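The block underneath contains the structure these notes are about, expressed in structure tokens.
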Amino acid sequence: MHTRTLGRNGPLVSALGLGCMGMSDFYGQRDDAESLATIRHALDRGLNLLDTADMYGPFVNEELVGKAIQGRRKQAFIATKFGIVRDASDPKIRGISGRPEYVRAACDASLKRLGIDSIDLYYQHRVDPTVPVEETVGAMAGLVQAGKVRFLGLSEASGATLERACAVHPIAALQSEFSLWTRDPQSNGMLAACRKLGVSLVAYSPLGRGFLTGAISRPEDFEADDYRRSSPRFMGDNFTRNLQLVEQVKALAADKGCSPAQLALAWVLAHGDDVVAIPGTKQRSRLDENLGALDVRLSAAELAAIDAVFPPDAAAGTRYPEAGMSAVNA
Ligand SMILES: NC(=O)c1ccc[n+]([C@@H]2O[C@H](COP(=O)([O-])OP(=O)(O)OC[C@H]3O[C@@H](n4cnc5c(N)ncnc54)[C@H](OP(=O)(O)O)[C@@H]3O)[C@@H](O)[C@H]2O)c1
């Protein structure tokens, strides 16, 4: 397995992790049996980085991951997140909390659901605009001191916020959306800040929530409760325009002799040893396909050819609806 170090002198994780969110939430029907088999297959293949969050499900995704790693704790590197507050009785409602007492309670609840003694990487999922990040990270540092957490991360934090957080405690990873159709970390200074501060970038939704794989051809095919039905890039004219970009990805992948998903993942991984990608799938066969990206090397000329047909900012539509965009710490 290809590995990469998180942060300066941090832990070694597989260059491709497994995003577990879609197994329980957002992307249509659940199939827990196949999801469990997929997580265990990932561990069999030497992938150790499993990505979850308390808000996925809500809550049940951590339980699923916990079940999958029973008896195999040492093979797994568990990353989970707190800070997007959901209530199982009304899952549509969202809040954000970075209050120290909330951080401590959320961590205890995640440990219990995961059935583990310590979380390998604990992220603040979204920065709480009402709580100074120093206070939140101070509470997270307390969890490290208490032995409940090993490494700290932030998600969707700006470079300036990251710098303030690093002044309180080392941050191993910043998780942000990064893919062919979401280049924000390159354009908004986030990747540069990560490099200055010795923080790895964990790229989420590296397959553009499935769109970049070429497997999605009609928005009507999504189930009624699929989040993507309300995601601007998957709606109306945006969908049609973005599909034209994906046709280019398909053509480039065919030239390279790989699948579009592999090309999209290889593109992310080509940005440096300090970048890790966490594609999500609930299917073993797709996990195997995605791991094939580790053997796809893109030359400078191939990266330039990709940029020529799929330039930064080419995607039509914002990556989240308005409420989601406002929760991003820009
Ligand atoms: N920090 C944050 O705010 C945040 C936000 C979003 C996601 N995340 C994390 O990042 C992980 C990955 O992101 P994501 O799941 O949103 O998006 P993604 O990895 O870009 O795409 C996942 C989608 O692609 C499909 N897919 C995967 N491999 C495929 C293949 N080879 N061919 C065709 N389709 C394929 C999956 O369907 P199947 O499952 O049916 O294969 C799923 O619908 C999540 O699981 C989550 O852990 C974090």
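The shown structure was predicted, so the numbers you read here are calculated from the model rather than taken from an experiment. One-based numbering, in listed order, for ligands and for the atoms of each.
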Could you pull out every protein residue that has a heavy atom closer than 4.0 Å to ligand 1, ordered by chain and then number?
-> Gly19, Cys20, Met21, Tyr27, Asp51, Tyr56, Lys81, His125, Arg126, Ser155, Gln175, Tyr204, Ser205, Pro206, Leu207, Gly208, Arg209, Gly210, Thr213, Ala215, Arg228, Ala261, Ile278, Pro279, Gly280, Thr281, Lys282, Gln283, Arg286, Glu289, Asn290, Tyr320
Would you call Asp44 and Arg284 a salt bridge, taking side-chain N to carboxylate O under 4.0 Å as the test?
-> no
Would you tell me whether Gln175 and His125 have side-chain atoms, one donor and one acceptor, within less than 3.5 Å of each other?
-> no
Looking at residues at least two apart in the chain, or sitting in another chain, which of them share a salt bridge (Lys or Arg N to Asp or Glu O under 4.0 Å) with Lys81?
-> Asp51
Between Thr52 and Glu62, does any side-chain donor sit less than 3.5 Å from a side-chain acceptor?
-> no
Between Arg195 and Asp274, does at least one N-O distance fall below 4.0 Å, as a salt bridge requires?
-> yes
Any luck finding a side-chain donor-acceptor pair between Arg209 and Tyr27 under 3.5 Å?
-> yes
